[in-house]
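The structure appears right after this line, and notes come after that.
Every chain is numbered from 1, with letters handed out A, B, ... down the list of sequences. Keep in mind that what you see is a predicted model, and the values were worked out from it rather than measured.
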There are 2 protein chains.
Amino acid sequence: MSPRNDEPRGIPAPTLRRFPAYLSQLFRLQEEGRDVVSSTHLGKRLMLDPVQVRKDLECTGLVGRPKVGHSVPKLIEAIESILGWNRVNEAFLVGAGNLGAALLGYPRFKQSGLDIVAAFDEAPEKVGSEIHGKTVLPLKKLANLTRRMGVKVGIIAVPADHAQAVADLMVEAGILAIWNFAPVTLRVPEEVIVQTEDLYSGLAILTQKLAVRLREEPSKGVRHAHE
Amino acid sequence: MSPRNDEPRGIPAPTLRRFPAYLSQLFRLQEEGRDVVSSTHLGKRLMLDPVQVRKDLECTGLVGRPKVGHSVPKLIEAIESILGWNRVNEAFLVGAGNLGAALLGYPRFKQSGLDIVAAFDEAPEKVGSEIHGKTVLPLKKLANLTRRMGVKVGIIAVPADHAQAVADLMVEAGILAIWNFAPVTLRVPEEVIVQTEDLYSGLAILTQKLAVRLREEPSKGVRHAHE
DNA sequence: GCAGTATCGATAACTGTTTATCGATAAGCG
DNA sequence: CGCTTATCGATAAACAGTTATCGATACTGC
């Protein structure tokens, strides 16, 4: 009914999940000196259906020209704007273990709207150390610093049995969005945004597919001694 | 038309993704000494709609008894069987950086159908070291060892620009399933299973929601100096 | 035993995403 | 200058997943 849909809300989650991949390819195209790109070409690079790509790009509000394609810089700008990657949110990370260190060393987060400014941990032996240039502070200081610096994003990289306590702490301190890497269901007030990355859920899909495959054709892949 | 659906295939991916969470709660229930559980109760623990839970549990082929619920041990057995978590697949990990170390130290993978038996890396300074009890081997040995040991699962934890090369190596060596942590679209033969865990796709959802929230009510969360 | 209630199973409606098809547009080429 | 072709946009159909509703069952208490 209403052809105008200027509101950037209501973009499907699957589309949002594909946007970073589009961005990555768009940057590569830009480096290659290309100024325009067609849905077809973008689809080939990402092994996606061209129609799917067009549907996704439609969400940006931009229109492409037939036979030519879309403007690469405009697409980049539009997608970054939708994702909020044209500004940077400061974030605190809790849990300076293996996973926490990996996150602190992850490249390009700053170009993806996230700047992890400090890490926190309970363990005294970790406090005071530096990981990838970020200081590890005692957990007790989290609430105070969060309020003082107005940090809005918290990252949870602690074992599952501590995650809820950390989340409570963050919410109490005024954190608005939590990126949770512990495989638990966090209970937070409705207005707090939670994005949980559960390794086990992806693993479940992998092992289930593998189990089906091995059940279907046990000859393939299973190597017996007398073969 | 066909009420019988014994085939364990065709389980929706969202359901598969929820199964590990169900399992986790079921184990806790077992420790608490409970032998039966209702969909309602399970739903409350995981903040899921009871109907959703029933739909998911339906995929196991088990039936619960009204007013009583489902048998906890039978549910555990059924879900583990579907996910292939009642057996263990040996896996090789490539990339002994931060992320690789985090994966090597991750707990409970062995109870989730995955046993990472060794890590591989190209960097000579990493080769020979031990991370969480697992030896780091030179990448050159990957193909040979994979074939000799009949390893079927490969984990990619290298930077994006090396991921495709590692995937090619794995496929060539006979790997059947790849758990990919690099944010790239891997090109592999159709029969090879690929599960990509892309941090940026989750981050996209988080930052987009946050951007919308901050745009809607800038007063909340954004702290001005003169407040 | 009989009523009340919690829980399950099945069916159906709804929502949202993907896939397919059509007509329109503009660049390239004879 | 007009024809061909690649590409886009819009509409519609198909599919999948979630949510809602209803009747049936079996435990509990009286």
Side-chain angles (χ1 to χ4, degrees), chain A residues 1-19 21-22 26 29 34-72 74-75 78 185 201 204-205 208, chain B residues 1-7 9-19 21-22 25-26 29 34-72 74-75 78 201 204-205 208-209:
Chain A
M1 277 301 156
S2 61
R4 277 296 181 91
N5 197 3
D6 291 326
E7 298 284 323
R9 311 174 206 174
I11 296 175
T15 297
L16 288 175
R17 287 188 175 277
R18 283 187 289 268
F19 271 162
Y22 290 141
L26 288 168
L29 285 163
R34 298 196 51 167
D35 203 55
V36 289
V37 65
S38 71
S39 311
T40 313
H41 185 219
L42 211 47
K44 269 182 194 160
R45 290 206 177 204
L46 293 161
M47 304 216 298
L48 292 173
D49 191 282
V51 183
Q52 173 98 84
V53 177
R54 233 171 288 140
K55 270 267 182 236
D56 287 339
L57 297 190
E58 196 181 301
C59 295
T60 63
L62 295 174
V63 289
R65 290 200 315 173
K67 182 70 185 172
V68 178
H70 288 263
S71 155
V72 173
K74 279 187 182 169
L75 274 182
T185 307
S201 82
I205 291 184
Q208 190 266 348
Chain B
M1 277 300 155
S2 60
R4 277 295 183 92
N5 198 3
D6 291 329
E7 298 286 322
R9 310 174 208 174
I11 295 174
T15 297
L16 288 175
R17 285 187 176 278
R18 283 187 289 268
F19 270 163
Y22 289 141
Q25 287 302 323
L26 287 168
L29 285 163
R34 299 195 50 165
D35 202 55
V36 289
V37 65
S38 71
S39 310
T40 313
H41 186 218
L42 212 45
K44 267 183 197 159
R45 291 206 176 204
L46 291 161
M47 304 217 297
L48 293 173
D49 191 282
V51 184
Q52 174 96 82
V53 177
R54 263 199 298 277
K55 271 265 182 243
D56 287 339
L57 297 190
E58 197 181 301
C59 294
T60 63
L62 295 174
V63 289
R65 290 200 315 175
K67 182 68 186 177
V68 178
H70 287 262
S71 153
V72 172
K74 279 188 182 172
L75 275 182
S201 81
I205 292 186
Q208 190 266 348
K209 282 186 187 166

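Between Leu75(A) atom CG and Tyr22(A) atom OH the span is 10.5 Å, to the nearest 0.5 Å. Between the OG atom of Ser38(B) and the NZ atom of Lys44(B) there is a distance of 7.5 Å, given to the nearest 0.5 Å. Here the OG1 atom belonging to Thr60(B) is positioned 11.0 Å from the NZ atom belonging to Lys74(B), to the nearest 0.5 angstrom. In this structure, OG1 in Thr15(A) is found 6.5 Å from CD in Gln52(A), a value given to the nearest 0.5 Å. For the atom pair Leu48(B) CG and Lys55(B) NZ, the distance stands at 15.0 Å (nearest 0.5 Å).
Put simply, Ser39(A) has no side-chain N or O that comes within less than 4.0 Å of OP1 or OP2 on dT7(D). When the side-chain nitrogen and oxygen atoms of Gln52(B) are compared with OP1 and OP2 of dG17(D), none of them lie within a distance under 4.0 Å. In terms of phosphate contacts, Arg54(B) brings no side-chain nitrogen or oxygen within less than 4.0 Å of OP1 or OP2 of dT18(D).
The side chain of Lys67(B) approaches dA26(D) more closely than any other nucleotide in the set dA26(D), dT18(C), dT11(C). When distances run from any side-chain atom of Ser38(A) to the nucleotides dA20(D), dT18(C), dC8(D), the shortest one goes to dC8(D). Nearest to the side chain of Pro66(A), among dA20(C), dC8(D), dA26(D), sits dC8(D). Picking from dG9(D), dA20(D), dA27(C) the nucleotide with the shortest atom distance to the side chain of Val63(A) gives dG9(D). Comparing dT7(C), dC8(D), dC27(D) against the side chain of Val68(B) picks out dC27(D) as the nearest.
Distance, Arg17(A) CZ to dT17(C) P: 12 Å, rounded to whole Å. To the nearest angstrom, P of dT7(C) lies 14 Å from CG of Asp49(B). The distance between atom CD1 of Ile11(A) and atom P of dG16(C), rounded to the nearest whole Å, is 14 Å. dG17(D) atom P lies 16 Å from atom CG of Leu48(B), rounded to whole Å. Atom CG of Leu16(A) is separated from atom P of dT18(C) by 11 Å (rounded to the nearest Å). Here the C1' atom of nucleotide dT19(D) and the CG atom of Asp56(B) are 13 Å apart, to the nearest Å. Residue Lys74(B) contributes atom NZ, which lies 16 Å from atom P of dC8(C) at whole-angstrom precision. Between Leu57(A) atom CG and dC8(D) atom P the separation is 9 Å, expressed in whole Å.
Toward the 5' end of DNA chain D, the nearer of the two residues Ala13(B) and Arg65(B), judged by each one's closest nucleotide, is Ala13(B). Ranked by how close their nearest DNA chain C nucleotide is to the 5' end, Glu58(B) and Lys55(A) are led by Glu58(B).
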